[in-house]
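Read through the structure below, which is laid out as structure tokens, and then see the notes.
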Amino acid sequence: MAKYKKSDLVEHMADKLALSKRQAEDAVETMLDYITATLKKRDELTFTGFGTFLAKDRKGRMGINPKNPTEKIQIPPSTVPRFRAGKGLKDAVK
């Protein structure tokens, strides 16, 4: 299984759209900035057929200290990013 990085996406976009690598990199950065800003506002961003990016609140809970398994610790509530795959993406991956 191959692992790809952001630079691979930039290169692919540059080739596919006949852009310079700098233009493709700017496009990728702009998209990632927009997704991040949307999640910071706790809004959802949906790409029809691909999926939805959203921020979810995670409740606080009791956990176990990994350094000392006999010690219980309180894990505070937090907000985490989530991605829900759309039907088109799910079908393509099958």
Side-chain angles (χ1 to χ4, degrees):
M1 174 169 58
K3 290 186 179 184
Y4 294 96
K5 300 179 281 189
K6 183 168 62 171
S7 60
D8 297 317
L9 175 61
V10 168
E11 192 171 316
H12 178 75
M13 284 182 64
D15 292 342
K16 187 85 170 171
L17 301 173
L19 300 171
S20 70
K21 284 192 180 180
R22 182 67 201 170
Q23 289 172 317
E25 185 175 354
D26 287 346
V28 170
E29 284 298 326
T30 300
M31 185 180 86
L32 295 176
D33 289 345
Y34 185 74
I35 292 169
T36 302
T38 302
L39 295 181
K40 278 184 179 180
K41 293 186 296 186
R42 308 258 171 117
D43 292 336
E44 291 185 11
L45 178 61
T46 300
F47 294 101
T48 304
F50 182 73
T52 302
F53 293 93
L54 59 146
K56 293 286 261 183
D57 291 325
R58 184 183 288 173
K59 294 179 185 177
R61 62 194 190 281
M62 289 300 293
I64 297 172
N65 182 350
K67 291 182 180 178
N68 182 0
T70 60
E71 179 186 353
K72 299 226 185 258
I73 56 172
Q74 179 65 35
I75 300 170
S78 62
T79 302
V80 294
R82 297 289 175 149
F83 176 75
R84 231 180 7 230
K87 183 178 181 340
L89 180 59
K90 287 178 183 177
D91 290 345
V93 172
K94 279 187 183 179

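Quick caveat: nothing in here was measured; it's all calculated off a predicted structure.
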According to a 4.5 Å side-chain heavy-atom criterion applied to Ile, Leu, Val, Met, Phe, Trp and Tyr, with indirect links allowed, do Val80 and Leu54 form part of one hydrophobic cluster?
-> no
For Lys90 against Ala85, the heavy-atom pair lying closest together | CE-O, 3.3 Å
Just by modelled atom types, is the Ser20 backbone N or O under 3.5 Å from a matching donor or acceptor in the Gln23 side chain?
-> yes
Is there a path of hydrophobic side-chain contacts, each under 4.5 Å between heavy atoms of I, L, V, M, F, W or Y residues, that connects Val28 with Leu19?
-> yes
side-chain hydrogen bond (donor to acceptor under 3.5 Å, both in side chains) involving Asp91 - partner list, sequence neighbours excluded = Lys87
Not counting sequence neighbours, which residues clear side-chain hydrogen bond (donor to acceptor under 3.5 Å, both in side chains) with Arg61? List them please.
-> none
Taking the side chain as C-beta and beyond, is there a heavy-atom pair between Phe53 and Leu39 under 4.5 Å?
-> yes
Can you name the nearest heavy-atom pair linking Arg42 to Asp57, along with the distance?
-> NH1-OD1, 3.1 Å
Hey, do the aromatic rings of Phe50 and Phe83 have their centres closer than 6.0 Å?
-> yes
State, with a plain yes or no, whether a side-chain heavy atom of Glu44 is found less than 4.5 Å away from one of Arg84.
-> yes
Ion pair Lys6/Glu25, N-O distance below 4.0 Å | no
Distance, nearest 0.5 Å, that separates CD1 of Ile73 from NZ of Lys67 = 10.5 Å
Do Val93 and Phe47 share a hydrophobic cluster (ILVMFWY, side-chain heavy atoms under 4.5 Å, transitive)?
-> yes
Taking all atoms of both residues into account, what is the closest heavy-atom pair of Gly60 and Gln74, and its distance?
-> C-NE2, 3.9 Å
Heavy atoms of Val10 and Ala24 approach each other most closely as O-CB, 3.4 Å
Mind listing the closest non-hydrogen atom pair of Asp8 and Lys3 along with its distance?
-> OD2-O, 4.3 Å
Can you tell me how far CG of Leu9 sits from CD of Glu11, rounded to the nearest 0.5 angstrom?
-> 10.5 Å
Do Pro77 and Lys59 have side-chain heavy atoms sitting under 4.5 Å apart?
-> no
Just how far is it from atom CE of Met31 to atom CE of Met13, taken to the nearest 0.5 Å?
-> 7.0 Å
One should read off an interatomic distance between Ile35 CD1 and Asp43 CG, to the nearest 0.5 angstrom, of 13.5 Å
